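Okay, so here's the structure we're looking at.
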Amino acid sequence: VDALVVAVASLSEQPRRFVLEAPLEWWASASLPETLPSDVREPLRLELEGYCLGRRLLFRGRLRGRVDLACGRCGEPYRHALEERVSLLLEPLPSHAPQPEHGLVLDEDDLELGRYAGERIDFSAVMVEAVMTAWPMQPRCGETCRGLCPRCGENLNRADCACARAGVSRPLAGLAALLGRGPARDDEP
Ligand SMILES: [Zn+2]
Ligand SMILES: [Zn+2]
């Protein structure tokens with residue numbers, strides 16, 4: 001994808017800022033892992049600073065963007081801000097090595113390392129890895145989400161249900177009964 005390509009010739013020893021924005025079509029067409037949605041509605045960006053150190057290329061920055069998710073606690077849709085630090089050190093591939101299709105191979109064990117070849121580096125794989133890392137395992141609409149009432153299903157962010165009050169009074173009722181019985185037994189003889 002052209003929007004995710006960095007030309008090696010555009011890098012120098014002076015850090016330069018790149019904003020690589022994955023177009024919406026890319027989410028639908030790219031061979032993304034199944035865990036990632038294809039219906040992203042807002043482009044996600046890699047905001048990077050890149051420079052070279054001899055023939056090594058260094059990139060640092062962040063993935064930024066927002067995606068629509070459903071809260072794992074209350075089930076309501078919400079806008080989730082994705083943000084992930086990205087850091088990448090690329091070494092040139094030896095010219096006799098098989099040349100990668102996108103000009104880039106990421107190290108399988110350390111995603112901050114990779115090899116590049118040719119004049120154009122496609123950051124699609126970097127985008128995929130950053131999104132997968134940033135993707136929340138347990139999406140939450142907010143830190144204080146109270147979720148649904150397990151008894152009546154009411155969204156407790158919107159309203160308190162009657163179960164909450166009943167739930168509070170029940171242990172007290174049990175305690176009262178216990179206390180009530182205790183002295184009663186003592187009084188029996
Ligand atoms: Zn929620
Ligand atoms: Zn309830």
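Side chains are part of it too, since the values below use all heavy atoms of this structure and drop only hydrogens, waters and symmetry mates. Each residue takes its place number in the sequence, starting with 1. Since the model is a prediction, treat every value here as computed from it, not as a measurement. Start at 1 and go down the list; that is how both ligands and their atoms are numbered.
When atom types are taken as modelled, the side chain of Gln99 and the backbone of Ala97 share a donor-acceptor pair closer than 3.5 angstrom. In this structure, the side chain of Arg73 engages the main chain of Cys145 through a donor-acceptor pair within 3.5 Å. Listed for the Arg146 side chain is a donor-acceptor partner under 3.5 Å among the backbone atoms of Leu156.
Around the Zn ion (ligand 1), the angle linking Cys71 (SG) with Cys145 (SG) is 110°, rounded to 10 degrees. The angle Cys141:SG - the Zn ion (ligand 1) - Cys74:SG amounts to 110°, with values rounded to 10 degrees. Angle SG(Cys161) to the Zn ion (ligand 2) to SG(Cys149): 110° [nearest 10 degrees]. For Cys152 atom SG and Cys163 atom SG, the angle they make at the Zn ion (ligand 2) is roughly 110°, to 10 degrees.
Phe123 and Phe59 have their aromatic ring centers within a separation under 6.0 angstrom.
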